[in-house]
Structures are given as C-alpha cells and as structure tokens.
Peer 1: 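One structure, pasted below without further comment.
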Amino acid sequence: RILISRPLWEEERYTDGSKWRFLEHKGPVFAPPYEPMPDKVKFYYNGKPMKLSAPAEEVATFFAKMLDHEYTTKDIFRKNFFKDWRKEMTSEEKSKITDLNKCDFGEMNEYFKAQSEARKQMSKEEKQKIKEENERLLQEYGFCIMDNHKERIGNFRIEPPGLFRGRGDHPKMGMLKRRIRPEDIIINCSKDSKHPKPPPGTKWKEVRHDNKVTWLASWTENIQGSIKYIMLNPSSRIKGEKDWQKYETARRLKKCVDRIRAQYREDWKSKEMRIRQRAVALYFIDKLALRAGNEKEEGETADTVGCCSLRVEHIKLYPKLDEQEYVVEFDFLGKDSIRYYNKIPVEKRVFKNLQLFLENKQPEDDLFDRLNTSILNKHLQELMDGLTAKVFRTYNASITLQQQLKELSCSDDNIPAKILSYNRANRAVAILCNHQRAPPKTFEKSMQNLQTKIDEKQNQLSAARKQLKAAKADHKASHDEKSKKAVEVKRKAVQRIEEQLMKLQVQATDREENKQIALGTSKLNYLDPRISVAWCKKWGVPIEKIYNKTQREKFAWAIDMAEKDYEF
DNA sequence: ACAACGACTTGGGGAAACCTGC
DNA sequence: GCAGGTTTCCCCAAGTCGTTGT
C-alpha cells in the first residue's frame with residue numbers, strides 16, 4: 001500500500017457522507033490487570049485487619065489512592081463509593097463491612113505513596129526500559145491506516161477502572177467506573193482490512209464496517225451510559241479537514257454578521273415573546289461569547305448552564321450602577337463548573353426585554369422559557385447555511401485575535417516584545433471566552449524567582465554602565481585605539497544586558513497577566529491558526545515561538561496554507 | 001414535538017518529560 | 001548529575017449539535 005502525501009486542500013473528498021474507504025488498525029490497548037496487594041499491606045475494619053477478596057480489594061485501592069484528596073471527605077463521594085464498593089464484595093464481606101467510617105485504608109495509601117516514590121527513584125536504565133516499552137506499544141497500537149495515510153491515533157489506551165470524579169458538584173462523584181473488557185468493545189474498520197484481534201480467549205462485542213463515522217472503537221461507559229470512542233489524533237487528515245471547515249464557516253459568518261446583528265436588533269421589538277427571547281439570547285451569544293446551553297438531565301450531572309438554559313437566579317438587573325445605565329450582572333456556573341461573572345451595560349431595549357422575561361418568575365425558572373438550543377439553531381440555520389450558536393464563539397474569538405494583533409504589534413519591537421503582544425491578543429480572546437484556570441500552585445514562588453533574576457540583572461546592568469562610563473573617560477583621556485576598543489566592548493556588554501533585562505521583564509509581565517487565564521483552549525480550538533501563521537510571517541517571528549511541536553502538527557494544514565497577507 | 005442517542009468538539013487538571021542553572 | 005521549575009501531553013469529563021425513534 002503506497003502512502004501518498006498531498007496537501008490537505010488538494011485531497012479528494014467524499015460527497016456521499018462517507019469518511020473513508022479503507023480503515024485498518026490493531027484495536028485498543030487494555031488497562032493492565034489488577035495486581036493484588038502484598039499480604040503485608042493490611043486493610044482494617046473497625047481496627048481489625050481483614051483480608052479482602054480480590055474484587056473488593058481492587059475497588060478499595062481506588063479509594064485508598066485518593067485519601068489525600070479533599071473529595072474523599074465529601075458525603076456524596078463517600079456514599080456513592082460505598083454503595084458501589086459493596087456491590088463488589090462477597091456476601092460475607094457485605095455483612096461485615098457496613099460503615100465506611102470504620103474502614104482504614106491507611107496502609108494501602110502508604111503503600112501506593114511508597115510505590116510512586118520508588119518509581120521516582122528508579123535508575124536511568126529502568127526508566128529507559130519503561131520508555132522503550134511505551135514506545136513499542138505506541139508503534140504497534142498508536143497508528144492506523146485510513147485511506148492512503150498512516151495516521152496517529154488519539155487515545156488508543158482504554159481508560160482504566162477507578163472512581164469517577166467529575167467536575168464541580170457532581171451527583172455521581174465516587175461511583176465506580178468499571179473495567180472495560182474486549183466484550184464491551186465495538187470495533188470499526190473496513191471489511192477488506194486486517195481486523196484487529198481480541199486478546200487471547202476473548203471476543204469483541206462486535207466488529208462493524210461503518211464508514212460514515214470516524215471512530216475506530218467504542219464502548220459504553222457505566223456512569224452516564226454514554227459512548228466513548230477511540231479516534232484519530234488532531235494531526236490526522238480527517239481532524240484537520242474538519243478543523244479547517246470550522247474556520248471557513250466562521251469566515252462565512254464574518255461576511256453576513258452585520259446583517260444578522262441588524263436582524264436580531266430588529267427582533268428585540270417583535271410582538272412575539274419567543275422571537276424577542278431568541279433575539280436577546282443571540283445577542284448574548286454574540287456579544288459575550290456564551291455557549292449555547294443545552295438542557296441537561298437534572299441529578300445526572302453538575303448544575304451548570306449556558307445561554308439558553310440561564311435561569312432567573314443567574315442574572316441581576318441594575319437600571320443604574322456606578323456611572324453606567326442598564327447593567328446586567330451575570331453569575332453562573334458554565335461548562336466544567338467554571339464560574340462566569342460579568343457586569344455589562346446593555347442597550348436599553350435589551351434591558352427592558354430582560355425585565356419583561358423576569359416578570360412573575362421564581363429564581364429557579366428559565367430566563368428564556370420560550371427558547372432552547374434546538375429552536376435557536378434552527379433559526380440560525382435559516383440565516384446562514386451551517387450557522388449554529390458555537391460558530392459565534394469561533395468567529396468572535398478569531399476576529400478578536402486578528403484585531404488585537406493588528407493593534408498591538410509594533411515593528412520596532414524585538415521578538416520577545418512581539419511575543420508578548422501575541423500573548424496579550426491571545427489573552428483578550430481567553431478572557432472573552434472565559435477560559436480560566438486555577439493559579440498554578442507554584443505561581444507566587446515562580447514570580448519571586450523571576451523577580452530575583454530581574455533584580456540581579458538590574459545590578460549587573462548598573463555595574464556594566466559604570467564600566468562603560470569609566471571606559472569612556474579612559475578613552476577621552478588617552479584617545480588611543482586600545483581604549484576605543486574597550487569602550488566598544490563595554491557598550492556591547494551594556495546592550496546585551498539591557499536586552500536580557502528587557503526579556504525578563506516581559507516574561508514577568510506576561511506571567512503576571514496570565515495568572516488566572518488559560519490560553520491553551522482558545523489557541524487550540526477557537527483561533528484560526530492561519531491568523532497566527534500569517535502574523536509570524538509578517539513580523540518575522542519563528543512559528544516555533546507560537547506553536548510547539550504538537551500544535552504545529554495539528555495546524556500543519558494552516559502552516560502550509562497561509563501567507564503573510566492572510567485575512568480571516 | 002420532543003426525548004434519547006450518537007458522534008464529535010471543547011475543557012481544565014495533573015503526571016510525565018524536559019530543561020536549566022548550579 | 002541533580003533539584004526544582006516549566007512545558008508538554010495525556011486523561012477523560014463535559015459540552016454542542018445532528019439524527020433517530022416515538
């Protein structure tokens with residue numbers, strides 16, 4: 001089979017909705033089997049040592065490993081864990097172990113700590129061996145052939161069993177995520193490929209040949225009952241093409257966004273409530289880059305919302321706040337239970353509409369009771385082919401980056417200053433999209449270290465300046481070649497140190513401003529990479545300064561495609 | 001109409017890998 | 001060579017949105 005490499009935009013694409021003609025892979029790698037605790041490591045119930053059956057012991061180790069986490073103290077976590085743990089016990093264990101508070105996992109916990117310590121202390125050779133084994137696994141299972149390409153698989157390892165955590169206040173935290181066996185796995189590959197072999201003595205649940213989908217294997221996860229997939233790496237043709245398409249859709253929105261904005265402003269005045277709600281929601285999605293906000297099943301997940309699912313309790317209206325009129329205060333938990341907090345002045349008409357929507361409602365009622373994502377997206381589809389709520393996020397993110405780059409870049413800047421400008425533009429987008437992070441644990445320390453370095457450099461600089469001054473004076477006195485050279489040498493030294501100092505200061509600024517902001521998500525998912533590639537070309541910044549290796553692989557299509565005059 | 005399902009993208013955290021100054 | 005800090009990459013949860021089934 002010959003593997004042809006061709007630029008993405010010259011690839012032929014299928015018109016019948018199929019995603020591939022040929023797909024061959026080796027199937028997933030399963031989690032290593034459970035290794036029982038050594039006998040000396042004891043579990044205690046009510047102060048007395050107790051030997052657990054292997055299945056019960058395995059689940060106990062999941063809990064033991066997490067003892068240092070705060071969530072093992074949470075009621076829901078403990079309740080869910082204990083309920084699921086009991087299902088794994090023998091009837092004898094079940095009758096004995098009736099109270100989690102009487103369980104002592106301390107020795108198990110110590111054992112795992114010692115193990116991880118031992119892993120750190122391993123010799124170079126041992127570490128090397130593990131690395132090689134991982135590499136072998138990657139080579140064997142980490143790639144597939146899709147049509148004429150050898151492609152990297154994203155996640156070829158099956159998730160190991162463990163306790164489900166979830167994010168935020170999740171009602172299912174602590175539940176047992178069960179071990180996945182070959183019998184749970186559906187394999188997808190082409191008929192004419194060499195089918196993956198299940199481990200000896202086992203069978204796949206099913207082998208199918210569905211070329212309307214891109215996944216290689218799937219299984220149903222037991223916490224939410226949702227399907228998990230094994231799919232290709234972002235560097236693959238199939239993902240790259242989709243990514244490119246996404247930005248092309250956003251660029252089409254750019255062409256008609258004025259019309260759409262005029263339309264929803266008009267709709268604020270509509271006689272129909274549902275149209276007004278739709279128009280106000282769309283305004284929020286456009287202006288604030290809110291997510292669509294699908295309904296969620298209550299009690300199955302953490303209580304989070306997006307635009308369409310906002311409730312009365314999530315907004316506050318201020319006819320006048322500080323110097324501003326018609327201010328809306330948003331305070332809600334969005335995706336991943338990340339808090340969205342924002343106070344923004346809105347147009348009077350929007351404000352009046354919101355007051356109307358709030359009339360006669362309880363805090364827990366829907367703000368947009370006549371609207372959901374399906375209605376909204378149907379409407380958007382009519383405004384532009386392929387338009388959905390999330391396209392606004394992509395569009396506004398990318399256009400903001402482009403504008404900010406234009407505004408902030410300065411030809412006189414050196415490379416570090418240019419990169420600071422880039423990061424600031426990126427940061428503006430991350431703030432718009434509310435991409436937050438917990439400040440790194442080492443943040444204060446690392447700022448201090450940087451400050452120390454800056455102070456040292458400043459001392460160096462003043463010393464170097466003094467030397468330069470002295471050299472100048474010396475030259476003035478002697479006027480000989482040697483002293484002239486000395487002045488040059490010192491001048492160069494001062495210049496070099498100034499540059500280093502500047503670089504450090506830029507770094508400090510960048511880091512400080514980035515304390516609670518996560519740039520990765522917008523960079524990877526919202527910013528048309530061609531904007532960045534073009535910017536690098538225009539300002540002579542090496543692309544490696546903006547995208548690391550993985551990112552360059554993901555955005556290979558854009559790096560190939562974009563010239564310095566690319567316009568989003 | 002609308003609920004459930006399926007496929008795919010988006011998301012932050014943390015372990016592992018890598019780097020850097022001593 | 002190593003300690004500690006930084007970057008990368010993996011993990012897997014949690015969204016979006018189209019399709020399917022009732």
Side-chain angles (χ1 to χ4, degrees), chain A residues 17 19 31 69 116 119-120 124 127 130-131 134 138 142 154-160 162 164-168 170 172-173 177 186 188 210 212-215 218 220-221 223-234 238-239 242-243 245-246 285 291-297 300-302 304-309 333-338 372-378 380-381 386-394 397 430 433-438 440-443 445-450 453 456 507 511 516-526 547-551 553-554:
Chain A
K19 307 289 172 64
H69 284 281
S116 89
R119 251 196 315 278
K120 274 184 216 150
K124 234 182 180 163
K127 280 184 183 162
I130 291 173
K131 212 175 154 185
N134 278 334
L138 173 67
N155 55 326
F156 58 91
R157 286 167 202 275
I158 299 277
E159 296 168 19
F164 177 81
R165 176 58 188 85
R167 300 202 243 273
H170 199 115
K172 298 194 172 182
M173 64 168 87
K177 209 170 76 156
I186 301 172
N188 194 31
D210 181 358
K212 298 284 193 288
V213 297
T214 66
W215 52 268
S218 74
T220 302
E221 150 277 331
I223 303 289
Q224 310 285 356
S226 65
I227 308 172
K228 298 240 174 171
Y229 302 92
I230 290 184
M231 289 189 192
L232 297 193
N233 188 280
I238 204 146
K239 294 285 188 191
K242 201 76 189 295
D243 211 31
Q245 241 181 58
K246 173 181 78 184
I285 284 170
R291 296 186 186 82
N294 284 305
E295 301 101 296
K296 303 168 73 184
E297 223 179 318
E300 295 292 302
T301 57
T304 63
V305 297
C307 186
C308 293
S309 51
L333 297 183
K335 181 177 178 180
D336 292 318
S337 294
I338 299 289
N372 61 39
T373 55
S374 170
I375 295 171
L376 179 64
N377 281 334
K378 235 170 242 148
L380 292 176
Q381 190 59 243
L387 187 61
T388 63
K390 86 200 222 354
V391 178
F392 282 87
R393 248 167 105 82
T394 312
C433 293
N434 198 40
H435 292 142
Q436 300 186 38
R437 63 167 181 178
K441 287 183 193 76
T442 53
F443 186 83
K445 181 122 185 265
S446 117
M447 281 314 282
Q448 259 171 28
N449 289 347
L450 203 49
K453 274 191 193 168
E456 277 168 14
Q507 214 183 345
R511 197 175 295 178
Q516 309 206 60
I517 313 283
L519 298 185
T521 299
S522 50
K523 201 173 186 176
L524 246 43
N525 299 303
Y526 288 103
Y547 292 136
N548 68 31
K549 186 165 140 287
T550 321
Q551 297 170 156
E553 281 166 9
K554 167 166 173 157

Peer 1: Using a cutoff of under 3.5 Å, can you pull out all pairs of nitrogen or oxygen atoms linking the protein to nucleotides 15-22 of chain C, with atom names and distances?
Peer 2:
unit_1: dG15(C); atom_1: OP1; unit_2: Thr304(A); atom_2: OG1; d: 2.9
unit_1: dG15(C); atom_1: OP1; unit_2: Asp336(A); atom_2: N; d: 3.1
unit_1: dG15(C); atom_1: OP2; unit_2: Lys296(A); atom_2: NZ; d: 2.8
unit_1: dT16(C); atom_1: OP1; unit_2: Ala292(A); atom_2: N; d: 3.3
unit_1: dT16(C); atom_1: OP1; unit_2: Gly293(A); atom_2: N; d: 2.7
unit_1: dT16(C); atom_1: OP2; unit_2: Asn294(A); atom_2: N; d: 3.0
unit_1: dT16(C); atom_1: OP2; unit_2: Asn294(A); atom_2: ND2; d: 3.0
unit_1: dC17(C); atom_1: OP1; unit_2: Thr388(A); atom_2: OG1; d: 2.7
unit_1: dC17(C); atom_1: OP1; unit_2: Ala389(A); atom_2: N; d: 3.3
unit_1: dC17(C); atom_1: OP1; unit_2: Lys390(A); atom_2: N; d: 2.8
unit_1: dC17(C); atom_1: OP2; unit_2: Asn377(A); atom_2: ND2; d: 3.1

Peer 1: Let me know the distance between NZ of Lys120(A) and C1' of dC2(C), rounded to the nearest Å.
Peer 2: 15 Å

Peer 1: Does the side chain of Tyr229(A) come within less than 4.5 Å of Thr214(A)'s, by heavy atoms?
Peer 2: no

Peer 1: Using atom CD of Gln436(A) as one end and atom P of dG11(B) as the other, report the distance to the nearest whole Å.
Peer 2: 13 Å

Peer 1: Indicate, with a heavy-atom threshold strictly under 4.0 Å, whether Arg165(A) touches base, sugar-phosphate, or nothing.
Peer 2: nothing

Peer 1: Whole angstroms only, please: what is the NZ-P distance between Lys239(A) and dT9(B)?
Peer 2: 4 Å

Peer 1: Examine distances only and state if a side-chain atom of Asn372(A) and a backbone atom of Ser374(A) form a donor-acceptor pair shorter than 3.5 Å.
Peer 2: yes

Peer 1: Nearest-Å distance, CG (Leu524(A)) to C1' (dG12(B))?
Peer 2: 12 Å

Peer 1: Using the test side chain to side chain donor-acceptor pair (under 3.5 Å), find all partners of Asp243(A) that sit at least two apart in sequence or belong to another chain.
Peer 2: Lys246(A)

Peer 1: Is it true that a side-chain atom of Gln436(A) and a backbone atom of Ala518(A) form a donor plus acceptor pair closer than 3.5 Å?
Peer 2: no

Peer 1: Listed by chain and number, what are the side chain to side chain contact (heavy atoms under 4.5 Å, CB included) partners of Lys228(A), not counting sequence neighbours?
Peer 2: Glu159(A), Trp219(A), Glu221(A)

Peer 1: A side-chain contact here means heavy atoms from C-beta on lying under 4.5 Å apart; do Cys308(A) and Leu376(A) qualify?
Peer 2: yes

Peer 1: Run the side chain to side chain contact (heavy atoms under 4.5 Å, CB included) test against Ala31(A) and tell me which residues pass, sequence neighbours left out.
Peer 2: Pro160(A), Pro161(A), Arg179(A)

Peer 1: Which atoms of nucleotides 5-7 of chain C (N or O only) lie under 3.5 Å from a protein N or O atom, and what are those distances?
Peer 2:
unit_1: dG5(C); atom_1: OP1; unit_2: Lys445(A); atom_2: NZ; d: 2.5
unit_1: dG5(C); atom_1: OP2; unit_2: Lys445(A); atom_2: NZ; d: 3.1
unit_1: dT6(C); atom_1: OP1; unit_2: Arg511(A); atom_2: NH1; d: 2.9

Peer 1: Base of dA13(C), side chain of Arg167(A) - is there a donor-acceptor contact under 3.5 Å?
Peer 2: yes

Peer 1: For nucleotides 19-22 of chain B, list the nitrogen or oxygen atoms of the protein found under 3.5 Å from its nitrogen or oxygen atoms, one pair per line.
Peer 2:
none

